[in-house]
There are 2 protein chains.
Amino acid sequence: MSLKQSGKADIVDVARAAKVSASTVSRCFNHPELVNPATRKKIDRAIARLGYIRNRAAQAMHGKRSGTIGLIVPTINHAIFAEVVQSFSDSVEEAGFTILMTSHGYDLDREYDVLRKLLEHRVDGIALIGLEHSEKTYTLIAQQDVPCVAIWNHDAASRVSCVGAENFAAGRMAAEHILGLGHREVGMIFPQTAGNDRAQDRLDGAWSVLDEQGITVPEAWRLESPYSVAMAKAAVEELWRSGARPTALICGNDVIAQGAVYAALKLGVRVPEDLSIVGIGNFKGSLEMEPALTTVHIPAQDIGRIAGEEIVKSVASDAPEITRVRCDVELVLRATTRAIAGR
Amino acid sequence: MSLKQSGKADIVDVARAAKVSASTVSRCFNHPELVNPATRKKIDRAIARLGYIRNRAAQAMHGKRSGTIGLIVPTINHAIFAEVVQSFSDSVEEAGFTILMTSHGYDLDREYDVLRKLLEHRVDGIALIGLEHSEKTYTLIAQQDVPCVAIWNHDAASRVSCVGAENFAAGRMAAEHILGLGHREVGMIFPQTAGNDRAQDRLDGAWSVLDEQGITVPEAWRLESPYSVAMAKAAVEELWRSGARPTALICGNDVIAQGAVYAALKLGVRVPEDLSIVGIGNFKGSLEMEPALTTVHIPAQDIGRIAGEEIVKSVASDAPEITRVRCDVELVLRATTRAIAGR
DNA sequence: CGCTTTTATGAAAACATTTGCAATACTATT
DNA sequence: AATAGTATTGCAAATGTTTTCATAAAAGCG
């Protein structure tokens, strides 16, 4: 009769069933080398029989690790985040952690709220995307001093550890490539930059090159488009119909660039003969599309994996320090750009 | 100094700082209407001053909800899962839950392991993808009787609640469309079906139509391709080079279909004039690509959202019962299919 | 002004586990 | 056989919170 309802067994039920004390059962999980193999076998049998599953919540109360890493992303519904999230997740799971994930839809106030929630769950570490966060967010992280890594951006002066690429350099690289091909009439399509330092940095990088070479871009050729193939496609079509005829388009990311390519296909504009298009990101699909997209490669998988390793390292260490890892970007020449005619 | 190190405050520190008892502070969080507004204000100030963050682990020990929902996916690195995960996540966060997410890479044994881990964290509910799971997995869920919802597939005889489309119907729909256009020489490209009931059901659905109409597909025209545009593209190229000349291709999902379209573009095969291609899924990007992909729409967003609502409902109820929601699939006619010439 | 309700608070038990310490039982050594 | 280790186990305290119950203060009422 001491057998409780299934699915409700706790450690003392197991202890009773195995005729040992609760301490021994606990030790059996946490320091198996301290318990007699014979006893261990008895306990294992009892555990299996009762279907006992230990309670991490109760463990976490003892100042032990909770075994979770909090991950805060703007959204997972973007190819690029999915990729980085997956490799980050694999990386921390490897070390036995589970991911507690939330998203905030590019709202920095909501980011603060979800961070608090993650801390309520006593995550052992926090990973977030980018380095632009509200002051409250940074303060909270510092005050709770929970290990933290920012994924996606690199900045030598970051307030927390970071693993990422220099988006500024990526922006420069895209612009340099286009100008190097002789283009002077260039359009730009970038996502909204508020609350998105990745996009902002890329844009700044591109501008810096344009400025250096004395290229000006008419106001009407600076497009803003959300992260959506359809919207970018529409934006470019609109631009064309307005009579604009740039010879090249610098796109803030590959999704936008894909939209631009499709718009050109639809408008009968030949890529790259009439219009060169360069993206940033090198997303899955950019290689396979026809024509294959020229883009600046950002090593999302490496970034996710390394970020995972870093956070695990910080969690394990008792005096974690800020580390910064820079992953290099690289221009990938494919079929959507070419030197301007007559050059 | 009774002021502890920052970031370490617990409920009794707050109580001390506010000159009340711990019980009152606790009540302040859980039943604010029971505490005097003036006291509440004092407590709020103390909380802010000490940077106190409540400990869900300790709450969870009281048989209270942990406030987390476990989500087990094969991988997030696929457009389609990213979409469903995002809407599921939004949906449960709306109700105040946080997602504890793990992936298993299509390995059903690993799925069981991560399920156990999720249960150790005392998730309030479990969501998993598809209805094909190991016996151990089903047993564990039943034994622990934790609310559970299977996302993505619908089956009237499912052992757990489910929200999804009938993949069998989707497969039939794709095949019916192709045969309805007069095609008799058809190839099929599907992902591996082991451990992937979604793909298996679609394939079975397509076969059932083919069989009914007495169409046979040569062994060499039944391709298997992973979920990758590049691999599918290569597979179709290979098929073509081997001399095969089907007039239509039924693809197990849109990613494969995209690969097929790109392969055709590359090979100079005109779509849809020489080759009709139909996908399943209607992923983001399928509409915008040129030519736009004809496909069977599976409402991923609705599925994710509804699944979220269902799991929240089950968690709230104390006698949850199995519910099954079927989301209808729908053929979306676009530009990659047409009636066979001479018809 | 005494009596009954109502409102606000605190004390202590409970939750499921870990761990330091002490006790017991073996084993090896002389 | 006595001694000193060593291996194994149990007891009890501790962890941070919620909740039940009890108490005190305030308010309503005739």
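Numbered from 1 within each chain, the chains take letters A, B, ... in sequence-line order. Only heavy atoms go into these numbers, but all of them, side chains included; no hydrogens, no water, no symmetry mates.
Between Arg122(A) atom CZ and dT15(D) atom P the separation is 14 Å, expressed in whole Å. In this structure, Ile53(B) atom CD1 and dG16(D) atom P are separated by 15 Å, rounded to whole Å. As rounded to whole Å, 11 Å separates atom C1' of dA16(C) from atom CG of Asp13(A).
In this structure, Arg305(B) is not positioned above the aromatic face of Phe88(B) in the sense of NZ or CZ being under 6.0 Å from the six-membered ring centre and within 45° of the axis.
When the nucleotides dA8(C), dG10(C), dA16(C) are ranked by their closest atom to the side chain of Met61(B), dA16(C) comes out on top.
Remark: His154(A) engages no residue in a ring pair (Phe, Tyr, Trp, His ring centres under 6.0 Å) (not counting sequence neighbours). The ring pair (Phe, Tyr, Trp, His ring centres under 6.0 Å) test applied to His104(A) returns no partner, not counting sequence neighbours. Partners of Ser91(A) by side chain to side chain donor-acceptor pair (under 3.5 Å), not counting sequence neighbours: none found. Remark: His133(A) engages Tyr138(A) in a ring pair (Phe, Tyr, Trp, His ring centres under 6.0 Å) (not counting sequence neighbours).
Each end of the helix from dC1(C)-dG30(D) to dT30(C)-dA1(D) gets its own rotation axis from five pairs of C1' atoms, and the angle between them is 30° to the nearest 10 degrees.
Salt-bridge check for Glu93(B) with Arg110(A): passed, with a basic side-chain N closer than 4.0 Å to an acidic carboxylate O. Of the charged side-chain nitrogens involved, none lies within less than 4.0 Å of a carboxylate oxygen, so that Asp113(B) and Arg116(B) do not count as a salt-bridged pair.
When all heavy atoms are compared, the tightest approach of Gly130(A) to Ala150(A) is O-CB, 3.4 Å.
In terms of position on DNA chain C, the residue among Glu33(B) and Gly63(B) whose nearest nucleotide sits closer to the 5' end is Glu33(B).
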Response to the item:
Contact string for nucleotides 18-25 of chain C, one letter per nucleotide 5' to 3', B = base within protein heavy-atom range under 4.0 Å, S = sugar-phosphate only, - = neither, reads BBB-----
